[in-house]
Amino acid sequence: MTCRNPYIKFKQYLGGFIIFNKKHILGLVMLLTLGLFLAACAGDEEAGSDSGDSDNGFEQATWRFITEEVKGQVQYVYAEEFAKRISEKTDGKITVEPYEYGGLGSETDQVSALQDGAVEMAIMSPGFTGNMVMEGQIFALHFLFPESVEKTQEILNTSEALNVDLVEKYEEHGITPLAFWTEGATAWSSNDGLREPADFEGFNMRIQESPLMQESYKAYGASPQALSWSELYTALDRGTVDGQENPVFFIYDAAFHEVQDTVTLSNHNNYVAMTTVNTDWYNSQPENVQTLISETVDEMQDWIYEEQDRQNSEYLEKMRNDSENPTEIIELTEEQREAFKELALPIRDYYRENISTVDGAILDKLEEEIAAATE
Ligand code: 6CS
């Protein structure tokens, strides 16, 4: 029963009572009806404020959200912002607990934690699923995405190859990626400076656990070594590895620039992260919860783009001005980039023939989407 304003209804009734004031019996009956009517309205309004406005129909829950980064870094602030939005939208019924990197083991341990349901949500770098979801290594291909990070994000948002076809490949392993987003253009750090492929000869390059990353760096002449980032500072410091790739914000915040003399703004790739959920857990959630998650993840795309852009710009400035740890910033010319690109292009065929389980179909589609977005 809907009666938003019982006061107006009462005035209408009173008018009727004056007209029929001689018909006392009828008046009494009407008075009684009014009482019942107002009581029903009051009941209605109480129910509205309980079920509709205050809890929005969400059940009390806590979701664990693991990231591969630490407080202040892009992945972690993503999880914090996501948690804030979910709490606001559910009037505090649902709590999201962001976890910093480190507490649950290495990055590959975190992948297992999501698959086992030890956590409900995770931000994941596809490089760490390289030995499991073969197709996910597509992000290790150099010079595939456009030079513009903004354009790259547009493609990540809209690509069917990624958001449908690649998602299916992850779901076969109990991981559902809900969004792909860039943490910025990747740069190389080293001591001697990386300007041309010859500089990679005999160079021990740190990579994530991805056979395709290995191929990409072998093509330049380097010797790639897979390592967790938690071991990377020490490995660079001791010279166990000679260099690594990451977005500028990460190189500075993880202090790799303290133990490396140069950073090359190579923009040979974008560092792509995925917002993922445990597939069974997500599918078992009621429709309103699934909508809440997917809508919030969608809203976060613009927010995180701005955040990584801010962090990458600010940290580049800091790196340029850090007199305690001077770092030479090398910007590649178009010609220098071309020399790397030439060696990187055949790796796409390697991906099609040796990595892909669908004969490169996802890469074919993605290449078409990139061409359409950049023509
Ligand atoms: O280089 C890495 O492995 C780390 N880099 C970033 C930007 N995020 C987390 C990841 O583990």
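Both counts, for ligands and for their atoms, begin at 1 and track the order of listing. Values reported hereafter were calculated over all heavy atoms of this structure, with side chains retained and with hydrogens, waters and symmetry mates removed. Computed from a prediction, not measured in an experiment: that's the story for all the values here.
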J.: Who's the nearest protein heavy-atom neighbour of atom 5 (N) of ligand 1, and how far?
T.: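 Looking at atom 5 (N) of ligand 1, the protein heavy atom closest to it is N246 OD1, 2.9 Å.
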J.: Closer than 4.0 Å to some heavy atom of R206 - which atoms of ligand 1 meet that?
T.: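 So the answer, numbered in order with elements, is 1 (O), 2 (C), 3 (O).
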J.: Is it true that E81 and R85 have a side-chain N and a carboxylate O under 4.0 angstrom from each other?
T.: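 R85 and E81: salt-bridged.
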J.: Is the shortest side-chain heavy-atom distance between Y282 and S294 below 4.5 Å?
T.: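 When only atoms from C-beta onward are counted, S294 and Y282 do touch, with a gap below 4.5 Å.
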J.: Does the distance from a Lys or Arg side-chain N to an Asp or Glu carboxylate O, for R348 and E367, drop under 4.0 Å?
T.: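 Between E367 and R348 there is a salt bridge, with a charged N closer than 4.0 Å to a carboxylate O.
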J.: Taking heavy atoms and a distance under 4.0 Å, where does Q73 meet ligand 1: side chain, backbone, both or neither?
T.: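 No part of Q73 comes within reach of ligand 1.
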J.: State which residue, out of Y220, Y350, F340, Y351, fulfils the ring pair (Phe, Tyr, Trp, His ring centres under 6.0 Å) condition with H142.
T.: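 Per the ring pair (Phe, Tyr, Trp, His ring centres under 6.0 Å) rule, the option paired with H142 is Y220, out of Y220, Y350, F340, Y351.
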J.: Looking only at N/O atoms, are E69 and ligand 1 under 3.5 Å apart anywhere?
T.: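 Yes.
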J.: What I want to find out is whether K218 reaches E215 closely enough, with some N-O distance under 4.0 Å, to be called a salt bridge.
T.: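 Salt bridge: yes.
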J.: Is F128 near ligand 1, meaning one of its heavy atoms is under 4.0 Å from it?
T.: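 Yes, that is the case, since the closest heavy atom of the residue is under 4.0 Å from the ligand.
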J.: Quick one: nearest non-hydrogen protein atom to atom 10 (C) of ligand 1, plus distance?
T.: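 Residue, atom and distance for the closest contact: Y271 OH, 3.1 Å.
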J.: By the definition ring pair (Phe, Tyr, Trp, His ring centres under 6.0 Å), identify the one residue from F256, Y252, F250 that meets it with Y315.
T.: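 Only one option passes, and that is Y252.
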J.: Is it true that K365 and E135 make a salt bridge, defined as a side-chain N closer than 4.0 Å to a carboxylate O?
T.: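 No salt bridge links K365 with E135.
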J.: Using a 4.0 Å heavy-atom cut-off, which part of Y101 comes near ligand 1: side chain, backbone, both, or neither?
T.: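 Y101 to ligand 1: no contact under 4.0 Å from either part.
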J.: Hey, which atoms in ligand 1 end up nearer than 4.0 Å to a heavy atom of E183?
T.: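 Under 4.0 Å from E183, ligand 1 has these atoms: 7 (C).
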J.: When you measure from atom 11 (O) of ligand 1 to every protein heavy atom, which one gives the shortest distance, and what is it?
T.: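 Residue, atom and distance for the closest contact: W229 CD1, 2.9 Å.
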